[in-house]
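Here is the structure we will look at, set down as structure tokens.
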Number of protein chains: 2
Amino acid sequence: MAGMELDDEGRRLLDQLFDKWSLLVLHALCDRSRRFSELRQHLPAVTPKSLTTCLRRLERNGVVERVVLSTEPVAIEYRISRLGRSLESPLRAMLGWVVDHLDTVEAARTQYDERRADI
Amino acid sequence: MAGMELDDEGRRLLDQLFDKWSLLVLHALCDRSRRFSELRQHLPAVTPKSLTTCLRRLERNGVVERVVLSTEPVAIEYRISRLGRSLESPLRAMLGWVVDHLDTVEAARTQYDERRADI
DNA sequence: CAGTATCCCAATGGATACTG
DNA sequence: CAGTATCCATTGGGATACTG
């Protein structure tokens, strides 16, 4: 652990990977490629603007690809890139932790808040 | 992967774990307990206000503990909790990915920007 | 369908100074 | 040392409406 140092660039990349929607979009795309509207349905609270911003950023960082399918009419789908796929395992670990420990965290919060209220 | 769904609470927890400084603070504390001023030195760009906010939130979520040492004069140190320790492995995976792939990401960005500039 | 365009608000977080 | 207090600039992101 000691040898792994993150410079400022690294921290900014973390910011971009972990903004409000990115992890969830990535998670959805690891499962399978999806279209814009499918992502919107999958992430109910996201607005088109936020989703666009998020997708562009992930695309720019090379973890997601925007593919124009030459169907008729053309369809556009987003898929995970090879680079993005390499993120799947760390991502799963992280999301898995959240799912597994959400209850514990909630309990900790309650306890913390009560302690503060006592004072 | 399919079975792991994140509700809104989960997404908000992600937000709190992955805000601008939290991951780096956690990383630093996984290494060893540190005092406020040590953390400031370790994370050069953080202001005291931001660090406080971050620590309080991590404490509230139960992953960090604020310990008052009964030395003379008293010292305060922050240490990782048991719950926080369980985050270490996912955290390492995530930060490791960033360190390992930062160059690739940079290249992808350059490529993306150039393609856009062409148009 | 896959976005873009506007408007707007709340919150993040930086700079700085101060305190028990 | 370990913060708190203020002020302020930026921006992320929601709501909504519109478009090729």
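Every chain is numbered from 1, with letters handed out A, B, ... down the list of sequences. This is a predicted model, so every value here is computed, not measured.
Within residues 34-43 of chain B, no residue has a heavy atom under 4.0 Å from DNA chain C. Looking at residues 44-71 of chain A, you'll see A/T47, A/K49, A/S50 sit with a heavy atom under 4.0 Å from some atom of DNA chain D.
No side-chain donor-acceptor contact under 3.5 Å links A/R34 to the backbone of A/Y78.
Evaluation of the salt bridge (Lys or Arg N to Asp or Glu O under 4.0 Å) test over residues 98-110 of chain B, restricted to residues two or more places apart or in two chains, returns A/E9-B/R109, B/E106-B/R109. Legend: salt bridge (Lys or Arg N to Asp or Glu O under 4.0 Å) pairs involving residues 66-78 of chain B, not counting sequence neighbours, sorted by first then second residue: B/E77-B/R79. Sorted by first then second residue, the salt bridge (Lys or Arg N to Asp or Glu O under 4.0 Å) pairs that include residues 40-55 of chain A, not counting sequence neighbours, number zero.
Residues that satisfy the side-chain hydrogen bond (donor to acceptor under 3.5 Å, both in side chains) test with A/R35, not counting sequence neighbours, are absent from this structure. Scored by the side-chain hydrogen bond (donor to acceptor under 3.5 Å, both in side chains) test, B/S86 finds A/W97 as partners (sequence neighbours excluded). Considering only residues two or more places apart in sequence or on other chains, A/R11 meets the side-chain hydrogen bond (donor to acceptor under 3.5 Å, both in side chains) condition with A/D15. In terms of the side-chain hydrogen bond (donor to acceptor under 3.5 Å, both in side chains) criterion, A/T52 has no residue partners (sequence neighbours excluded).
When DNA chain D is scanned 5' to 3' for any atom under 4.0 Å from a heavy atom of chain A, the first and last hits are D/dG13 to D/dA15.
DNA chain D contains the following stems of three or more consecutive Watson-Crick or G-U pairs, with both distances under 3.5 Å: C:1-20 with D:1-20.
When hydrophobic residues (I, L, V, M, F, W, Y) are linked wherever their side-chain heavy atoms come within less than 4.5 Å, A/Y112 remains an isolated member.
Looking at heavy atoms from C-beta onward, A/V67 lies in side-chain contact with A/L69 at the 4.5 angstrom threshold. Taking 4.5 Å as the limit, some side-chain heavy atom of B/L55 sits within range of a side-chain heavy atom of B/F36.
Annotation for B/R56: atom CZ counts as buried by contact number, over 12 foreign heavy atoms lying within 6.0 Å.
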